[in-house]
Trainee: 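Sharing a structure with you now.
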Number of protein chains: 2
Amino acid sequence: MKDAFSTSSESRMHLLRAAAECFMERGFHATSIDDVARRIRATKGLVYYHFLSKMDLFFEVYRVGMAALTEAVAAARKTEHAGLPAVTAMLEAHALTMFEYHAFEHVVAQGVQLHRFSAMTSVQRMTFDELVASRDRLEQMYRTEVAAAQADGSVSGDTEPSIAVKTILGGIQWSVIWWRPEADQGLEARLVLARQMVRTLIRGLEVRR
Amino acid sequence: MKDAFSTSSESRMHLLRAAAECFMERGFHATSIDDVARRIRATKGLVYYHFLSKMDLFFEVYRVGMAALTEAVAAARKTEHAGLPAVTAMLEAHALTMFEYHAFEHVVAQGVQLHRFSAMTSVQRMTFDELVASRDRLEQMYRTEVAAAQADGSVSGDTEPSIAVKTILGGIQWSVIWWRPEADQGLEARLVLARQMVRTLIRGLEVRR
DNA sequence: GTCTATAGGCTGATAGAC
DNA sequence: GTCTATCAGCCTATAGAC
């Protein structure tokens, strides 16, 4: 998992992981810096040595989560032909990343909602805007492929790509709510689950012959 | 919308709505009791006259949101034959309720995540467990209908009902994240959107002939 | 790099006036 | 029913020791 953290010191990486877990369990505001430090048996001082503020720490966690998602989905996109095959591969990679980076993706989901951070410096505002933009770019990849699939006739044209994408992605993203790491250990079980989810979304509930 | 609030005084009802909006915008922990009171141009004292604590206020908002959802879905269920037709009607009603009770349903979504309220009294713990149970009962309605649809062959049997339901419902529930009341005014526009979402989930992305 | 100590601000909850 | 005043606790962030 090292890759998504790029170049980070040991402590910094451990803090990021601890923060992701705390934010997932209790949410941003209910998590104290002491909670994060305590989780790796350190104290507040260490956190403030590595991060400027609690919000910057949150942003870093978000960035790691989005980076993991973007890389996985972009890579999967290239393995298949444009259109429906690409979308299918993207969704499967997307789901697997949701499981592997569970805590981080939970934070990403929170971040989407938290437009209103009480007080943001202008630097933080810029960072925040970039994170929102990265989320839009991910969705844009999907919209492009769905539009291509509509053009080649493999996806029905009577629903706007943006609506279809939001709906389908919701099915994947919502897994942060109900999926638990304990539930299914091992890559094999995760792959089976991811494929069932993707199949449900691509083929629909209804069976036709 | 009065119905879902059952018997409530005027002030109490306004406070519930204000609380739902605050919790939606800032989240439970970031919302202060003063924020809620200020939104209806009142003060803290009023809130504590009507509700025992901030957490009880949250629980009441959650209860209203879940009640609205349960009633709408249960009613829709009866309008169609068991199995796929029932599921389709349930999803459409579900989506429409997500829009109509947007702020409340946003809080319900938060509530699912907040397992760990720092300090709950035993009474609060019981209330909380009942709210979680009400959520499970809603999902159970869907699982039952999907299983019936698998039995009559209208839904493929190769995905467990619980997985299919969680995936499909995710597509609907996630709309609290991206849908905004300003976006589409009027019942007509909402109905069109709801039907596009449901169609995407029932028929799938892929088109077949 | 990591820790301790502490300042300073905010907020949940209560008491009591009107 | 609604408001004002206030307390007690917690938590972010900083300063400075080691």
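Each chain gets a letter, A, B and so on, in the order its sequence line appears, and its residues count up from 1.
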Trainee: Looking at B/D35 and B/S32, would you say the former's side chain and the latter's main chain have a donor-acceptor pair under 3.5 Å?
Mentor: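 A pair under 3.5 Å: yes.
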Trainee: For B/L46 and A/L52, find the nucleotide of DNA chain D closest to each by heavy atoms; which residue's nucleotide sits nearer the 5' end?
Mentor: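 By nearest-heavy-atom nucleotide position, the 5'-most residue is B/L46.
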Trainee: Please work out which residues in residues 31-43 of chain A have a non-hydrogen atom less than 4.0 Å from an atom of DNA chain D and list them by number.
Mentor: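 Those residues whose heavy atoms fall under 4.0 Å from DNA chain D, taken from residues 31-43 of chain A in numerical order, are A/T31, A/S32, A/I33.
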Trainee: Nearest heavy-atom pair of A/A20 and A/V107: which atoms, and what distance?
Mentor: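 Of all heavy-atom pairs spanning A/A20 and A/V107, the closest is O-CG2, 3.8 Å.
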Trainee: Can you name the side-chain hydrogen bond (donor to acceptor under 3.5 Å, both in side chains) partners of A/Q196, sequence neighbours left out?
Mentor: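 With neighbours one apart ignored, the set is empty.
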Trainee: Rounded to whole Å, how long is the line connecting atom NE2 of B/H29 with atom P of D/dC11?
Mentor: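 Computing the B/H29:NE2 to D/dC11:P distance gives 11 Å.
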Trainee: 5' to 3' on DNA chain C, which nucleotides open and close the contacts with chain A (atom under 4.0 Å from a heavy atom)?
Mentor: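 First-to-last contact on DNA chain C, by the 4.0 Å heavy-atom rule, is C/dG1 to C/dT4.
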Trainee: Would you tabulate the side-chain donor-acceptor contacts of residues 78-92 of chain A under 3.5 Å, counting partners in other chains and residues two or more places apart, or write 'none'?
Mentor:
residue : atom : partner : partner atom : Å
A/T79   : OG1  : A/A76   : O            : 2.7
A/T88   : OG1  : A/L84   : O            : 2.9
A/E92   : OE1  : A/R195  : NE           : 3.3

Trainee: Parallel, tilted or perpendicular: which fits the ring planes of A/Y62 and A/F58, with parallel below 30° and perpendicular above 60°?
Mentor: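 If you compare the ring of A/Y62 with that of A/F58, the planes turn out tilted.
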Trainee: Closer to the 5' end of DNA chain D via nearest nucleotide, is it A/G45 or A/A30?
Mentor: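 Nearest-nucleotide comparison on DNA chain D picks A/A30.
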Trainee: ring-ring contact (aromatic ring centres under 6.0 Å, His included) with B/Y142: which residues, sequence neighbours excluded?
Mentor: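 B/Y142 satisfies ring-ring contact (aromatic ring centres under 6.0 Å, His included) with B/H94 only.
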Trainee: Does any N or O in the side chain of B/S175 come within less than 3.5 Å of the main-chain N or O of B/I172, such that one atom is a donor and the other an acceptor?
Mentor: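 Side chain of B/S175 to backbone of B/I172, a donor-acceptor pair under 3.5 Å: yes, one is there.
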Trainee: Give every donor-acceptor pair under 3.5 Å between a side-chain atom in residues 159-168 of chain B and any protein atom, sequence neighbours left out.
Mentor:
residue : atom : partner : partner atom : Å
B/K166  : NZ   : B/E139  : OE2          : 3.0
B/T167  : OG1  : B/I163  : O            : 2.8

